[in-house]
Structures are given as structure tokens and as C-alpha cells.
Amino acid sequence: MNSSPGPVLRVRGLQASYAGNLALDLTALDLAPGEVVGVVGANGAGKSTLVNALLGWSRGEALLAGEVQLGGQRIDGWPTHQRVQAGLLLVPEGKLVFAQLNVEENLSRTFEPPAEPGRHVYSRDEVFELFPRLKERRQHLGSQLSGGERQMLGIGRALMMGPKALLLDEPSIGLAPKLVEQVLQTLRTLARAGLAILLVEQNVRAAMAVVDRLVLIERGRMVLEGPAQAVGNDPRIAAAYLGESGT
Ligand SMILES: Nc1ncnc2c1ncn2[C@@H]1O[C@H](COP(=O)(O)OP(=O)(O)O)[C@@H](O)[C@H]1O
Ligand SMILES: [Mg+2]
């Protein structure tokens, strides 16, 4: 038996192009169990294109190419729903929440993945334990929830589908600073339990507080990659994203 776990997610040569224009050209990215990797970059840099391409999906009609492995298995030829069932779960910017259903109903509209060793499928009670606020709001409709509550619900739904890797597209957007910290700290808790997480964030400072590694994307390409602290201290990050230019 091979005892080295290897990356949960292994990406090579991932490209997305719109009408011949390359919006994403990612040479290599690995995500290990229990690791939180942050993806930062300006608006339009290609962050959403990246997480969507991992799912084999694109807004509009992008041509996708490249190799994606989940748990050692090639999935890049698979349709999106099959990748989700295999444990690649994305909480998109839209939060993956049904507006006309209440919290409980939202949490029951998930599929139960096949039992697999090393794949933890969260129960509703475990989700409520992680996000007590959702339990308090269990009878409220998706449309009645705050941005933060919708984000918690989106993450909760993903957890109940047994993620091997969890991808989040800008979870902090529209959230009060205190909630941003709470939601991002929860990701740390999930990672401690072994989950691999790819976190797309515009809020670089908030991301730096929870990620192990940080990746900077510009025009679809990875231009910086390394430990959060090292990348965070790079002048390109400080000047453009942390408001520290001129100080
Ligand atoms: N539907 C589309 N049609 C054409 N080009 C698109 C489309 N969606 C995204 N793009 C291109 O891909 C680039 C990256 O977009 P996106 O991944 O949404 O950036 P980010 O999430 O980093 O803000 C955009 O600058 C745009 O040029
Ligand atoms: Mg985006």
C-alpha cells in the first residue's frame, strides 16, 4: 500500500480561453490534505475562472484544457455534477443557497455521497455545531438571511456533500468584518480536521490570517506563490492589495 497521501487536488496546465483569449493559464497547483491555500488578485484576474474551470464549468463558453486530479484520479474529462459527487465542492459567489427554501430545507437538498474511507460527510447537527447562528435561523428562508448567514449555509451545504476539497469564491464579499473573521476562522477549523481548502479572496489581509500558502494571480497567470507571510510581505502584494504603498 502506498502510505504517502499525496495532494488531494493536483492541477497541471489548466487553461480557459474565451474566443481565443486566454483568461487562465495555470502551470501547476497542488492542494494537500488539511491545507488552506489562498488565491488573490485584482478584479478580472481570473480567480473565478480558475475555481470554475476546476469544476469543468465556465460562465459563457470558455474552452477548457488541462489536467485535474482529485484524490489521485483524473477528473478533467468529467461533467461538473460528477466532479461534485466525487467530492470537489465549490461555494460560488452566489453562495449555493435556495432563496425560497428555509435553512433546514436548504440543508436537506443535498445528495448523500457514497461512503468512502477518509471522506467525512457532515451531518446537519455537525453543521449547526459549526454555525450555531444557522440553528437559530433554521426556519428562515434563504432570501431572509444576511450575507454572512447565506455564506454559512452555502458552506454547510457543501460540507453535507462530503467535500474532499472545498473551493470558496470570495466568501467575505458583503460581510461585516467580524463575520469575515468568523467565517474564515471556521475554514481553519475544517482544515484542522483534514479538509483541503482553496480560498479565493479579494480581502488579502483577511485571507493572510487563515491561509498556509498564498497564490497571486494576474491576467490568468500565477505570478507569486509561497507561504502566506512571505507572499504577504512581497512589495507587489503590499502595494496593490494591502494599502501600504507610500508608507
Ligand atoms: N463570460 C465571459 N466571456 C468572456 N470573457 C470572460 C467571461 N468571463 C470572464 N471572462 C474573462 O476572464 C477574465 C477573468 O474573469 P474572472 O475569472 O471572473 O476574474 P476574477 O474572478 O478574478 O475577478 C476577465 O477579465 C474576462 O476577460
Ligand atoms: Mg471572481
Side-chain angles (χ1 to χ4, degrees), residues 9 11-31 36-68 75-76 79-80 83-84 88-97 147-148 150-155 157-158 163 165-175 177 179-180 183-184 187 196-208 210-211 213-226 228 231-232 234 236-243:
L9 191 65
V11 185
R12 294 293 180 273
L14 188 65
Q15 296 184 331
S17 44
Y18 290 99
N21 296 314
L22 212 50
L24 177 72
D25 189 8
L26 190 76
T27 310
L29 180 67
D30 286 343
L31 197 56
V36 185
V37 173
V39 176
V40 299
N43 228 337
K47 305 181 297 298
S48 295
T49 301
L50 163 61
V51 285
N52 291 337
L54 293 173
L55 268 296
W57 185 84
S58 70
R59 210 174 13 171
E61 305 246 330
L63 197 64
L64 304 176
E67 187 179 323
V68 181
I75 62 166
D76 45 80
T80 299
R83 303 189 199 200
V84 172
L88 189 58
L89 265 298
L90 168 66
V91 185
E93 277 191 73
K95 318 279 197 278
L96 206 74
V97 162
R150 277 208 304 281
Q151 194 61 60
M152 293 172 194
L153 186 52
I155 296 171
R157 296 191 67 230
L166 181 65
L167 319 174
L168 301 107
D169 197 352
E170 308 217 15
S172 75
I173 273 192
L175 269 59
L179 265 175
V180 172
V183 167
L184 296 188
L187 300 183
I197 299 176
L198 192 66
L199 169 69
V200 169
E201 259 301 338
Q202 281 256 16
N203 188 337
V204 179
R205 204 181 290 279
M208 276 175 60
V210 294
V211 302
R213 278 192 295 137
L214 207 53
V215 167
L216 173 63
I217 294 198
E218 281 176 5
R219 296 166 204 263
R221 289 185 170 79
M222 189 187 288
V223 294
L224 262 181
E225 191 266 334
V231 173
D234 187 283
R236 278 169 286 183
I237 289 266
Y241 303 98
L242 297 175

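Ligands are counted one by one from 1 in listed order, and the atoms in each one are counted from 1 as well.
Each protein N, O or S atom less than 2.8 Å from the Mg ion (ligand 2) was counted, giving 1.
Two residues are said to be in side-chain contact when any heavy atoms from C-beta on lie closer than 4.5 Å; L90 and L54 fail this criterion. Residues S58 and N52 form no side-chain contact, since every pair of their non-hydrogen atoms from C-beta on lies 4.5 Å or further apart. When side chains are defined from C-beta on, I173 counts as touching E93, because their heavy atoms get closer than 4.5 Å. Put simply, the side chain of L187 reaches to within 4.5 Å of the side chain of L168, judged on heavy atoms. Side-chain contact between V37 and I197: absent, with no pair of heavy atoms (C-beta onward) separated by less than 4.5 Å.
Results of the side chain to side chain contact (heavy atoms under 4.5 Å, CB included) test with V40 over L216, V215, L199, I217 single out L216 as the only residue that passes.
Heavy-atom minimum distance, W57 versus L64: N-CD1, 3.9 Å. When all heavy atoms of M222 and A28 are compared, the closest pair comes out as CE-O, 3.4 Å.
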Side chain to side chain donor-acceptor pair (under 3.5 Å) evaluation trace for S172 with E201 = CA-CA 7 Å; S172 75; E201 259 301 338; 2.8 Å; yes

Just the distances, no angles: every ligand 1 N or O to protein N or O pair closer than 3.5 Å, one line each.
unit_1	atom_1	unit_2	atom_2	d
ligand 1	1 (N)	R59	O	3.0
ligand 1	8 (N)	Y18	OH	3.3
ligand 1	17 (O)	S48	N	3.4
ligand 1	17 (O)	T49	N	2.8
ligand 1	17 (O)	T49	OG1	2.5
ligand 1	18 (O)	R59	NH2	2.7
ligand 1	19 (O)	G46	N	3.2
ligand 1	21 (O)	S48	N	2.9
ligand 1	21 (O)	S48	OG	2.9
ligand 1	22 (O)	A45	N	3.2
ligand 1	22 (O)	G46	N	3.0
ligand 1	22 (O)	K47	N	2.8
ligand 1	22 (O)	K47	NZ	2.8
ligand 1	23 (O)	N43	OD1	3.4
ligand 1	23 (O)	G44	N	2.7
ligand 1	25 (O)	G44	O	3.0

